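Quick note: numbers below take in every heavy atom, side chains included, and nothing from hydrogens, waters or symmetry partners. Every value quoted in this text rests on a predicted model; they were computed, and no experiment measured them. Letters A, B, ... mirror the listed sequences (proteins, then strands); counts begin at 1.
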Amino acid sequence: MNEEIKLSWKGKIHLSSSELFVGRVVSKKTKNQEISIVLEGKDLKTNKFELFYLNSADGVEGNSLYDIKDLNDIEVCDVISIKKSKVRSVYRTQSKNNFIFATIRCNSNCLMCSQPPLDIDDTLENYLIWDYTIDLLVDSPKHLTITGGEPTLLGERLVFLINKILAKFPDLLITILSNGRMLALESTIDTLSFVVSRKNVVFAIPLYSDVYKVHDHIVQAKDAFHQTCLGIHKISTLGFPVEVRVVLHKLSNPRLLSLSKFIHKNFPFVYHVTFMGLEIIGYTKANKSELIEENTIMAEENLLASLKFLASWKYNVSIYNTPLCHIPESLWSYAKQSISDWKNSFKPECEKCLMKKDCSGFFTWNIKYAKVTPFLEKV
Amino acid sequence: MEINVIRKEFRKFQNLQYYNDLTSNGINLLPFNFKRLNSGKELIISMVGDYLIVPNGTVHNLVKKNTDKITECLYYDLLSNHIISDSDNIKSLELLANRYRAKKTNAFNFAQLHIFVITLRCEHTCQYCQVSRVSQNKEKFDFSHLNLFKGINLMLASPENDITMEFQGGEALLAFDLIKDAISYTKEKARLVNKRINYVICTNLAPINSEILEYCKLEKILVSCSLDGHEELHNENRKRPGRNSYSLVEKGLNLSFDIVGRENVSALMTTTTLSLEHPIKIIDEYRKFGFNSVFLRPISPYGFATKNKNSNYQTDEFIEFYSKGLDYILELNRQGEYFKETYTSILLKKILTAFSENYVDLMSPSGLINSVIVYDYDGKIFLSDEARMLAQMKDFTFQIGTVDDNWETLLANPIIEKIGDAGVNDYMAGCSTCAYNIYCGADPVLHHATQGDMYGFRPDSSFCQRNMSVLDIIFNKIDTEPDALEIFKSWVNNE
């Protein structure tokens, strides 16, 4: 069973800390199970270059935090941010799943949100952190996801970040997880038209139903359906590739095939359609009775019909976040290993499964609800 | 505010009803047309071409706003297929505008197909031919170099960057040297203005030889030939001294396959009275040569053709022929052979996808000007191939000028404004309320020729009759033959 990878820590302030420090790990030493980490970077408030020390045990001189638990996951060359006593991993060199967390704000409030939004304006802070992080990166990330909250709420700062990182790494592919609603606004489209390499930036936009009120109900926002649909047209017209994402649950399952037909007729230009398993964390926990599907046989049939329909029209289709033992074998070719490393786990029984290397596994937080049936013989 | 307080605020979720736009005014109808299928079910088609097959009585219930008689599932289908709207202000209006624009993209284009009637001379005397001459008189019936180059200059001065230049006749290959001159001139000039030109030669294959085909291979020219069916039928339709048209096609096709490759060779058939009884034999002939499609094409019902007994048949006779052919083709597909009917496929693309197809006869606004231009052997410029056939009968209505003109004067011809009116079926009597409106076209030239009026009179228009019938056949198959849709889909996807 994999351990969850830690992305944030809390420490104690020794002599002084920083209002907002961002730095790259220049050394990591382990002695008697004590880890000490040295960061080289900048205090973003004073704009001064300095060192910062993180220790699992005692504090040291200068800016430092001590008594921090589980520092193992921090590696040399990672980028870390420090705000008073809070430590956050901003960029992990070893990971394929790096992301820019744009903001915790969102204009929707989806029933199954895994990262419930807060009405706090953190856009400037997150922008400053990544503006400097890009300077600190040595090698290009394999792929970068921009997520939130709703990333387009960053406005032109989003464009600055995209243009800056693509100027440095021209081959990088970026996926923006946006609900697409802001894209219906001409002003947002004007702003995004300043992105230089649009072919490198995929907008992954969720659509949960072909019926406006079902979608609006799921995302808890009036007119969201019409805004998202128009947004998909507008962002595609601007030259950004579009991926449509559908989260599978009790409210979206019944009209899955109709939704697929709707996508084919209204968004024939999409380059990828993904059907995604539900994350049982955040709001989902509060709305379980509305979201967790009991009629799994019907849901499976709908999914199969939808995949067949879209595949027959030559769309690139995938199933995300769903372990192989949860779907019929006929759908395996669509199932992708899609769960980011830091929230990906397997059950102990999975270790003996012959299909594990091809399997997405589980969201760490889904593990306790999950049943598995390991494949013990070659399939 | 404390974070936990904000969190709680966010967790107040609303139920589905809260998001319902429906007011006490009831539903709003979006523009749609409808028609009854043979099964008694109703076919509803939205203004952007999304169709639904619904239970008998649905349209009545919609018009009467009896939504309580409609199941929730159907109600949702009607919403998502843009047939009805819950809200008084249509929130999907901009989306629909984009969809409509996508269906009408050809309206924003200029002609991509430029047909050069390189010579009127021919060694065939086909039954249905409208224009060709058996003659040795090159001076009288071939394009002059001067006119040819002027025509090419016009073609290259037109706005499209991807252009198809098609050489027709008569028998185009009787003027092979002229074709070579035309292509070498075009290549040189096209490079200067950065345009990509694809070349097609239409031929009866009689004069073809390996020298010509090697040239076609070198210049990547597509070879399009006439094949009317099995030997007896083909020779009867396509007369020539020696009665050997078929064996020349057979020889020519095989040589063409060898030299330029199958993918660069196509064949077209024309349906005569003699063909009507042989849909299956004709299709088998195409299969024999390894083609995986056939275009069951009726004769253009005007010009010399109408005066010939073998060309003068009724539309319902053609439809019976087409229907038998289509049934046979579907059966072939059911047995695992991929084979398609081209006209059906053009319509299916419009029915089953968000896009349209650039086929001149099935466009609204019509494909004249925005799809095709014809340069005749004597330098006259026509709006379509049929338009030049009319000119052979001394009707010059659709001639917009000659190669001595420039586009400014050519496009200022008053006929173009008239076509702008008569070439849009959205508001033409009989068309505007037709269920098939969005899939169909307007054909001002045909209606002018057959009815003396470019707008035309639908009840006895052969164009209308044919397209209505073909679409009826397609939709009744979709409705009642469970596997037809999958086969149709494969035709649109070309596999």
Give the minimum heavy-atom separation between [X] and [Y], together with the two atoms involved.
X         : Y         : answer
Asn493(B) : Ser312(A) : ND2-O, 2.8 Å
Tyr212(A) : Tyr19(B)  : CE1-O, 3.4 Å
Asp21(B)  : Lys222(A) : OD1-NZ, 3.2 Å
Arg255(A) : Cys73(B)  : NH1-O, 3.5 Å

Let me know if [X] has heavy atoms under 4.5 Å from chain B in its side chain, its backbone, both or neither.
X         : result
Ser258(A) : side chain
Lys314(A) : side chain
Asn266(A) : both
Phe225(A) : neither
Lys261(A) : neither

Any side-chain heavy-atom pair from [X] and [Y] closer than 4.5 angstrom?
X         : Y         : result
Leu95(B)  : Phe267(A) : yes
Lys213(A) : Tyr76(B)  : yes
Lys489(B) : Trp313(A) : yes

Can you label the angle between the Phe262(A) ring and the His82(B) ring as parallel, tilted or perpendicular, going by 30° and 60°?
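Tilted: the ring planes of Phe262(A) and His82(B) meet at 30° to 60°.
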
Non-hydrogen atoms of chain A under 4.5 Å away: do they reach the side chain of [X], the backbone, both or neither?
X         : result
Leu352(B) : both
Glu495(B) : side chain
Leu16(B)  : both
Asn81(B)  : neither
Leu93(B)  : neither
Val48(B)  : neither

Would you say [atom1] of [X] has more than 12 non-hydrogen atoms from neighbouring residues, nucleotides or ligands within 6.0 angstrom?
X         : atom1 : value
Lys91(B)  : NZ    : yes
Phe110(B) : CZ    : yes
Lys65(B)  : NZ    : yes
Phe34(B)  : CZ    : no

Pick from [options] with the largest number of heavy-atom pairs that fall under 4.5 Å of chain B:
options                                    : answer
Asp216(A), Val214(A), Leu259(A)            : Asp216(A)
Gln227(A), Lys234(A), His215(A), His233(A) : His233(A)
Ala221(A), Pro254(A), Ala286(A)            : Ala221(A)

Heavy-atom pairs under 4.5 Å with chain A: which of Val492(B), Leu79(B), Asp77(B) has the most?
Asp77(B)

Distance (rounded to the nearest 0.5 Å) between His226(A) NE2 and Asn89(B) CG
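Here the rounded value is 8.5 Å.
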
Is it the case that the side chain of Gln220(A) and the backbone of Gln14(B) share a donor-acceptor pair, with hydrogens and angles ignored and the cut-off at 3.5 Å?
yes

